[in-house]
Engineer: 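Have a look at the structure that comes next, please.
Numbering of residues begins at 1 and proceeds along the displayed sequence.
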Amino acid sequence: MTAINQLSQQISRHFGDVVDELIIAHDELTLEIAPAALKSVCRALRDDAPFRFDMLMDVAGVDYLDYGCTQWRTEETTATGYDRGVDFEQPTRVIPWNKPRFASVYHLLSTEHNHRLRVRVFVPEQTMMIDSVISIWASANWYEREAFDLFGIIYEGHPDLRRILTDYGFVGHPFRKDFPLSGHVEVRYDAKAERVIYEPVDIEPRVLVPKVIRDDSRYLDDKVEQPEKLAETKQEEAVKRG
């Protein structure tokens, strides 16, 4: 039995019905639990002998809006590369998703057992509120501030929950999938006013489609000129130029 399967069984036995789902994918273990169980489960993962997850490596917000809806070859790109842009004539593929939109994800490391674990908790969209784990791992301080800033997740019990990456007057949360790419306001220095001013964005929203232009015979029509013909053409052009 592999270490990851053994850890999965230990978690199932230890937490029982508290576990919503245990997922093993790409040699990684993900534990899904309800928001109400977050602090008790995290404390047990840190303190109990089979686990000893003494380090919180990261807290990440996730927005699953339009999850799985894609016109890209997302599953085989690592093997084939991006050989085309978005094809709007191709039907949009949809991967079913019936879970909440937002999640808070915790990446844990046990230095004693050399185990890693991902804990995922879905955030109620009505309140966007979830318990802070700063009392369990002090490193959650800045991580939770980052998730609050970029996704709008409110960590109840955090002693200093404020923005950490965006400006003080920033409006919205820029990592949400429905946040416009150009933002809501733009900043510039006004020479007459001699200060920085904020203005509504005047850039028209648009969809950026990557375009690849290659000067290569592989991407010409079937009638590809032979090397001899190309040489003659170049010679004729040289004669014309004198």
Engineer: Taking everything shown except W142 itself, do over 12 heavy atoms lie less than 6.0 Å from its CH2?
Structural biologist: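 Open.
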Engineer: Mind jotting down which residue pairs meet the salt bridge (charged side-chain N to carboxylate O under 4.0 Å, His left out) criterion with at least one end in residues 168-183? Sequence neighbours excluded, please.
Structural biologist: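 Matches after skipping sequence neighbours: R101-D178.
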Engineer: Does atom CD of E194 have more than 12 heavy-atom neighbours, drawn from other residues, nucleotides or ligands, at distances under 6.0 Å?
Structural biologist: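 Check fails, neighbour count at 12 or below.
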Engineer: Are the side chains of F175 and D63 in contact, using a 4.5 Å heavy-atom criterion?
Structural biologist: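 No, every pair of side-chain atoms sits at 4.5 Å or beyond.
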Engineer: Are V19 and V133 linked, directly or through intermediate hydrophobic residues, by side-chain heavy-atom contacts shorter than 4.5 Å (ILVMFWY only)?
Structural biologist: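 In one cluster with V133: V19, yes.
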Engineer: Closest heavy-atom contact between P35 and P124?
Structural biologist: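 Closest approach of P35 to P124: CG-CD, 4.3 Å.
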Engineer: Check the hydrophobic clustering (I, L, V, M, F, W, Y; side-chain heavy atoms under 4.5 Å; chains of links allowed) and say if M57 and I11 are grouped together.
Structural biologist: no
Engineer: First locate atom CG of L161, then atom CG of N141, and finally report the distance between them rounded to the nearest 0.5 Å.
Structural biologist: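 It is 9.5 Å, given to the nearest 0.5 Å.
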Engineer: Check whether any side-chain heavy atom of H113 lies under 4.5 Å from a side-chain heavy atom of P50, and answer yes or no.
Structural biologist: no
Engineer: Roughly how far, to the nearest 0.5 Å, is the CG atom of L150 from the OG1 atom of T166?
Structural biologist: 7.0 Å
Engineer: Does a side-chain heavy-atom distance below 4.5 Å link R163 with H173?
Structural biologist: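 They are in contact (side-chain heavy atoms under 4.5 Å apart), so the answer is yes.
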Engineer: Please check if I24 and I33 belong to a single hydrophobic cluster, counting links between Ile, Leu, Val, Met, Phe, Trp and Tyr side chain heavy atoms closer than 4.5 Å.
Structural biologist: yes
Engineer: With the side chain counted from C-beta on, respond yes when Q6 and I4 share a heavy-atom pair under 4.5 Å apart, and no when they do not.
Structural biologist: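 A side-chain contact under 4.5 Å is absent here.
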Engineer: Mind checking whether H184 and F179 have parallel, tilted or perpendicular rings, split at 30° and 60°?
Structural biologist: perpendicular
Engineer: If I take atom CG from residue L117 and atom OG1 from residue T30, how far apart are they, to the nearest 0.5 angstrom?
Structural biologist: 7.5 Å
Engineer: Could you tell me which non-hydrogen atom of G183 sits nearest to which non-hydrogen atom of V201, and how far apart they are?
Structural biologist: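 Heavy atoms only, the tightest pair is O-CG2, 3.6 Å.
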Engineer: With a 4.5 Å heavy-atom cut-off, do F51 and H14 have their side chains touching?
Structural biologist: yes
Engineer: For Y106 and V121: C-alpha separation, side-chain torsions, deciding distance, then whether side chain to side chain contact (heavy atoms under 4.5 Å, CB included) applies.
Structural biologist: CA-CA 8 Å; Y106 306 81; V121 181; 4.2 Å; yes
Engineer: For I134 and H158, which heavy atoms make the closest approach, and how far apart are they?
Structural biologist: CD1-NE2, 4.2 Å
Engineer: I'd like to know if the side chain of R120 reaches the main chain of L31, judged simply by a donor and an acceptor atom lying under 3.5 Å from each other, with no hydrogens or angles considered.
Structural biologist: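 A pair under 3.5 Å: no.
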Engineer: Between M55 and S139, does a side chain to side chain contact (heavy atoms under 4.5 Å, CB included) hold up when you go through it step by step?
Structural biologist: CA-CA 8 Å; M55 294 187 66; S139 60; over 6 Å; no
Engineer: Any heavy-atom pair between the side chains of E146 and V59 that's under 4.5 Å?
Structural biologist: no
Engineer: Measure the OG-CZ distance between S110 and R116 for me, rounded to the nearest 0.5 Å.
Structural biologist: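 It is 10.5 Å, given to the nearest 0.5 Å.
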Engineer: Can you name the closest pair of heavy atoms from D20 and A34 and give their distance?
Structural biologist: OD2-N, 3.3 Å
Engineer: What heavy-atom pair brings V196 and Y189 nearest, and what distance separates the two atoms?
Structural biologist: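 Smallest heavy-atom distance, with atoms named: N-CD1, 4.0 Å.
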Engineer: Where the side chain of W137 meets the backbone of R46, is there a donor-acceptor pair that is under 3.5 Å apart?
Structural biologist: no
Engineer: Is atom CZ of R188 surrounded by more than 12 heavy atoms (other residues, nucleotides or ligands) closer than 6.0 Å?
Structural biologist: yes
Engineer: Going through the distances and angles, do I130 and Y155 end up as a side chain to side chain contact (heavy atoms under 4.5 Å, CB included)?
Structural biologist: CA-CA 5 Å; I130 195 171; Y155 293 91; 3.5 Å; yes
Engineer: CG of N114: more than 12 outside heavy atoms within 6.0 angstrom?
Structural biologist: no
Engineer: Assigning hydrophobic clusters by single linkage (Ile, Leu, Val, Met, Phe, Trp, Tyr; side-chain heavy-atom cutoff under 4.5 Å), is F15 placed with L22?
Structural biologist: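 In one cluster with F15: L22, yes.
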Engineer: Of all the heavy-atom pairs spanning P174 and D149, show the shortest one and how long it is.
Structural biologist: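 That closest heavy-atom pairing would be CD-O, 3.8 Å.
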Engineer: A side-chain contact here means heavy atoms from C-beta on lying under 4.5 Å apart; do V119 and V41 qualify?
Structural biologist: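 Not in contact.
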Engineer: Would you say that more than 12 heavy atoms from the other residues, nucleotides or ligands in this model lie under 6.0 Å from the CG of D167, or not?
Structural biologist: yes
Engineer: How long is the gap from CD1 on I153 to OG1 on T127, to the nearest 0.5 Å?
Structural biologist: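 Going from CD1 on I153 over to OG1 on T127, the span is 11.0 Å.
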Engineer: Just how far is it from atom CG of D54 to atom CG of L45, taken to the nearest 0.5 Å?
Structural biologist: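 Rounded to the nearest 0.5 Å, the CG-CG separation comes out at 11.5 Å.
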Engineer: Counting C-beta onward and ignoring hydrogens, is there a side-chain heavy-atom pair between F122 and E32 closer than 4.5 Å?
Structural biologist: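 Touching, per the 4.5 Å side-chain cut-off.
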Engineer: Just wondering, more than 12 heavy atoms not from E199 lying within 6.0 Å of its CD?
Structural biologist: yes
Engineer: Between Y64 and F151, is there shared hydrophobic-cluster membership here, with clusters defined by ILVMFWY side-chain heavy atoms closer than 4.5 Å?
Structural biologist: no
